[in-house]
Number of protein chains: 2
Amino acid sequence: MKLETRKEEIIKTATKLFKEKGYSAVTMRDIAKAMGIKAASLYNHINSKQHILRDIIISLAEEFTNGMQTVQLSEVSSIEKLRLIVALHVKITANSTYGMASLNNDWMHLEEQLDYYLELRDTYEENFRNILREGIKKNEIINSNLEIMLFSMLSTLRSLYLWIPKKEDLNTEELTQNLSHMLINGINK
Amino acid sequence: MKLETRKEEIIKTATKLFKEKGYSAVTMRDIAKAMGIKAASLYNHINSKQHILRDIIISLAEEFTNGMQTVQLSEVSSIEKLRLIVALHVKITANSTYGMASLNNDWMHLEEQLDYYLELRDTYEENFRNILREGIKKNEIINSNLEIMLFSMLSTLRSLYLWIPKKEDLNTEELTQNLSHMLINGINK
DNA sequence: AATAGTAACTAACAAGTGTTAGTTTATTGT
DNA sequence: ACAATAAACTAACACTTGTTAGTTACTATT
């Protein structure tokens, strides 16, 4: 059983750099330099640049998939399910702020795992859509354009990684509360 | 007076490719190939790859700056101003779907013009913030966390480019209407 | 017919790319 | 003390990158 701490350090460093400049603009020499070693040394711990991206994106995508599963199984109202989804996004994003940038912006650079990623994403969106649909059916949610509601909420949740790091004193509970309220009730007085 | 149609074709082609893979991952040979010519031929019309990015991003950023100016000068309620901002985003995004991807994801690859871009962006956000602030003061908008409201609305508006192309039968009027309603009143019944 | 402008080409460059091979050094468990 | 492992190194590879130089062909204006 390996501890793999060095490998994790590399992935962590790469994740930070990927957020700043994107996967394609970051070179193996950039990653090595940030760690104070030579590029060739990275290959004692990782298989390829592509594998780093894969590790970052797929693990996050699976976290979302698992979280959505839990939300679906919980026996609460549709509105409450939406609140749980907001909480899920806040939690994952707060723990992996940098990685969320890759998930959002570099997924198209996945090679072998691209199809798998797209499958996870499509399924996630479809589950989200179904929760909204159910809410409309049960008269908890306004019967407005389904896709626009989905798009609007997902956009905000997916962009969270851009805002969260700015708050030093992040209270995830409070953020979840405020954000849910805004997405559900709007800003009108 | 030059017509520059060829230059515009190059920028248009590049914009499309930039949206698919990002600025860094698109090569001059990619752009040339998409036009059926050789990479060196591009330089008869453009100065550099960097200048292409500059053209795409700065012109869009200035469009937003100008639009915001108009909104500020209009003598309507704060809520109505927000509706005008939504309309501005929908209009620009519908006209430049591909370019919006660069504006959102590749601005950090700007070189000489990076500071200018950041200035435009900061000013835009500050103006947006002031409209919300005024709305709260005049009791049109709930007195909730200002930054979260700003973040939430901007995220949705900035992500519009990802959804708009999926709608073939885009009715910008209707989209603006639905989106404004959602952002202002939420989804609660 | 001569000129200028537009737009393509081939060939080449210097620098940078991800990655491999082979080696050295330090640490750790027996 | 020995062997094994982890983790770094140098050197090099084949390929790709943005870009320049110099040239050729076509078209429109004088």
Side-chain angles (χ1 to χ4, degrees), chain A residues 1-58 101-102 105-114, chain B residues 1-58 101-102 105-114:
Chain A
M1 225 2 153
K2 275 201 269 186
L3 279 180
E4 294 191 324
T5 72
R6 202 66 180 136
K7 179 177 176 179
E8 280 162 17
E9 273 183 70
I10 292 173
I11 292 175
K12 200 169 159 186
T13 305
T15 306
K16 203 164 177 175
L17 293 176
F18 289 170
K19 183 196 162 165
E20 282 159 23
K21 317 189 341 182
Y23 175 74
S24 301
V26 173
T27 71
M28 295 304 278
R29 284 163 182 83
D30 287 338
I31 301 171
K33 199 166 201 172
M35 301 189 67
I37 62 176
K38 300 285 165 168
S41 306
L42 296 171
Y43 289 84
N44 285 320
H45 311 282
I46 53 113
N47 295 314
S48 68
K49 192 189 177 190
Q50 173 69 200
H51 274 81
I52 298 178
L53 186 68
R54 185 180 301 186
D55 266 26
I56 297 169
I57 293 183
I58 299 297
S102 295
N105 305 320
D106 285 321
W107 57 267
M108 72 284 277
H109 298 118
L110 285 173
E111 291 163 13
E112 288 93 19
Q113 307 272 6
L114 178 57
Chain B
M1 216 19 140
K2 273 202 269 184
L3 279 180
E4 295 190 323
T5 71
R6 202 64 179 137
K7 179 177 177 179
E8 280 161 18
E9 272 184 71
I10 292 173
I11 292 176
K12 200 169 158 186
T13 305
T15 305
K16 203 164 177 174
L17 294 175
F18 289 171
K19 183 195 162 166
E20 282 160 23
K21 317 190 340 181
Y23 175 74
S24 301
V26 173
T27 71
M28 295 303 279
R29 284 164 181 84
D30 288 337
I31 300 170
K33 199 165 202 173
M35 301 188 66
I37 62 177
K38 300 284 165 166
S41 306
L42 296 171
Y43 288 84
N44 285 320
H45 311 282
I46 54 113
N47 295 313
S48 67
K49 192 189 177 189
Q50 173 68 200
H51 274 81
I52 298 177
L53 186 66
R54 184 180 301 185
D55 267 26
I56 297 169
I57 293 183
I58 299 296
S102 296
N105 305 321
D106 286 321
W107 56 267
M108 72 284 277
H109 298 117
L110 285 174
E111 290 161 15
E112 288 93 19
Q113 308 272 8
L114 178 57

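Quick caveat: nothing in here was measured; it's all calculated off a predicted structure. Values reported hereafter were calculated over all heavy atoms of this structure, with side chains retained and with hydrogens, waters and symmetry mates removed. Chain A is the first sequence line, chain B the second, and so forth, proteins listed ahead of strands; every chain is numbered from 1.
- Considering only heavy atoms from C-beta on, H109(A) stays 4.5 Å or farther from L114(A) through its side chain.
- Residue K38(B) contributes atom NZ, which lies 7 Å from atom P of dC9(C) at whole-angstrom precision.
- For R29(B), counting side-chain heavy atoms from C-beta on, the closest listed nucleotide (dT10(D), dT19(C), dT19(D)) is dT19(D).
- Taking atom CD1 on I10(A) and atom P on dA6(D), their separation rounds to 14 Å, with Å as the unit.
- Nearest-nucleotide mapping onto DNA chain D: of S41(A) and Y23(B), the residue sitting toward the 5' end is S41(A).
- Residue H45(A) places at least one side-chain N or O under 4.0 Å from the OP1 or OP2 atom of dA7(D).
- dG18(C) atom C1' lies 15 Å from atom CG of L53(A), rounded to whole Å.
- Without hydrogens or angle criteria, Q50(A) side chain to E111(A) main chain gives a donor-acceptor distance under 3.5 Å.
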query: Given the rule in the side-chain contact (heavy atoms from CB on, under 4.5 Å) test, do I46(A) and M28(A) qualify, once you have shown the distances and angles that lead to the verdict?
result: CA-CA 11 Å; I46(A) 53 113; M28(A) 295 304 278; 3.6 Å; yes
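- Atom OH in Y43(A) sits roughly 16 Å away from atom C1' in dA11(D) (whole-Å rounding).
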statement: Each nucleotide of nucleotides 21-27 of chain D classed B (base within 4.0 Å of a protein heavy atom), S (only sugar-phosphate) or -, in 5' to 3' order, makes B------
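- We find that CZ of R54(A) is positioned 16 Å from P of dG18(C), with the value rounded to whole Å.
- At a threshold of 4.5 Å between non-hydrogen side-chain atoms, the residues R6(A) and M35(A) count as touching.
- K16(B) is listed as a side-chain neighbour of E20(B), based on a closest heavy-atom distance under 4.5 Å.
- Backbone-only contact: T27(B) has heavy atoms under 4.0 Å from sugar-phosphate atoms and none from a base.
- Counting heavy atoms from C-beta on, the side chains of D55(A) and I52(A) never come closer than 4.5 Å.
- Rounded to a whole Å, the CZ atom of R6(B) is 16 Å from the C1' atom of dG5(C).
- As a whole-Å value, the separation of K49(A) NZ from dT17(C) P is 9 Å.
- Of the two residues near DNA chain C, A25(A) and N47(A), the one whose nearest nucleotide lies more 5' is A25(A).
- Proximity of Q113(B) to L53(B): side-chain heavy atoms (C-beta onward) are nowhere separated by under 4.5 Å.
- Protein atom NZ of K7(A) is 12 Å distant from nucleotide atom P of dA7(D), rounded to whole Å.
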